[in-house]
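Worksheet: the structure to be examined is printed underneath.
All values below were derived from every heavy atom in this structure, side-chain atoms included, with hydrogens, water molecules and symmetry-related copies excluded.
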Amino acid sequence: QVQLVESGGGLVRAGGSLRLSCAASGIVNVNDMGWYRQVPGSQRELVAIITRSGETNYADSVKRRFTISREHFKNKVELQMNSLKPEDTAVYYCNAPVPTGLIITDYWGQGTQVTVSS
């Protein structure tokens, strides 16, 4: 019953902004939530993560441009993206590792397309 649903992707010109949102249902407890991105033919890469206490970590390529935030009790995570560049073009995925007993299950959203034009 766990489901992550992303929204907010779209087409934007270089230098513009987008705000991505991820709503999680059926999740009681997670340690971290994060955003990843992937382009065709490449590996999925970390963009930003945020812990339960609010500590954040960013890929070097997005530092000072992207901001991750979280509403813990609603299991909602957002990504504010400013000063977008064409190289930011990718499918962005919401991620939530959920511990169940001794096993951690990695849940993913369906992805939302972000396209940045020159």
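- Residues Arg19 and Ser7 form no side-chain contact, since every pair of their non-hydrogen atoms from C-beta on lies 4.5 Å or further apart.
- Using a cutoff of 4.0 Å between basic side-chain nitrogens and carboxylate oxygens, Asp88 and Lys85 are not scored as salt-bridged.
- Counting heavy atoms from C-beta on, the side chains of Cys94 and Val77 come closer than 4.5 Å.
- The minimum heavy-atom distance between Pro97 and Asp106, with the atom names listed, is CG-OD1, 3.6 Å.
- Under the 4.5 Å side-chain heavy-atom criterion for ILVMFWY residues, no single connected hydrophobic cluster contains both Leu11 and Leu20.
- The aromatic rings of Tyr92 and Phe66 lie tilted to each other, with the angle between the two planes from 30° to 60°.
- The two residues Arg65 and Ser83 come nearest to each other via the heavy atoms NH1-O, 3.0 Å.
- Rounded to the nearest 0.5 Å, atoms CG (Leu79) and OH (Tyr36) are 13.0 Å apart.
- A cation-pi arrangement is present between Arg44 and Tyr93 under the rule of less than 6.0 angstrom and at most 45 degrees off the ring axis.
- Closest heavy-atom contact between Ala90 and Val39: CB-CG1, 3.7 Å.
- In this structure, Glu6 and Gln110 have side chains that are in contact, with non-hydrogen atoms separated by less than 4.5 Å.
- Taken to the nearest 0.5 Å, the CZ atom of Arg13 stands 14.5 Å off from the OG1 atom of Thr115.
- When all heavy atoms are compared, the tightest approach of Leu18 to Leu84 is N-CD1, 3.8 Å.
- In the displayed structure, Glu87 atom CD is contacted under 6.0 Å by more than 12 heavy atoms of other residues, nucleotides or ligands.
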message = Test side-chain contact (heavy atoms from CB on, under 4.5 Å) on Asn57 and Glu55; report intermediate values, then the result.
response = CA-CA 7 Å; Asn57 192 26; Glu55 181 181 0; over 6 Å; no
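- The closest donor-acceptor contact from the side chain of Asp32 to the backbone of Ala96 lies at 3.5 Å or more, if one exists at all.
- Closest non-hydrogen pair, Gly16 versus Val12, comes out as CA-CG2, 3.8 Å.
- Every residue meeting the side-chain contact (heavy atoms from CB on, under 4.5 Å) condition with Asn82, not counting sequence neighbours, appears here in chain and number order: Ser17, Gln80.
- Taking CD1 of Ile68 as the start and OG1 of Thr51 as the end, the distance is 10.0 Å to the nearest 0.5 Å.
- Here Lys76 contributes atom NZ and Glu71 contributes atom CD; the two are 5.0 Å apart, rounded to the nearest 0.5 Å.
- A distance of 12.0 Å separates CZ in Arg37 from CD in Gln113, rounded to the nearest 0.5 Å.
- Grouping the Ile, Leu, Val, Met, Phe, Trp and Tyr side chains by contacts below 4.5 angstrom, directly or via other members, places Val2 with Met33.
- Both Tyr58 and Val47 are assigned to one and the same hydrophobic cluster, defined by single-linkage of ILVMFWY side chains at heavy-atom distances under 4.5 Å.
- Distance check, rounded to the nearest 0.5 Å: SG of Cys22 to CH2 of Trp35 gives 5.0 Å.
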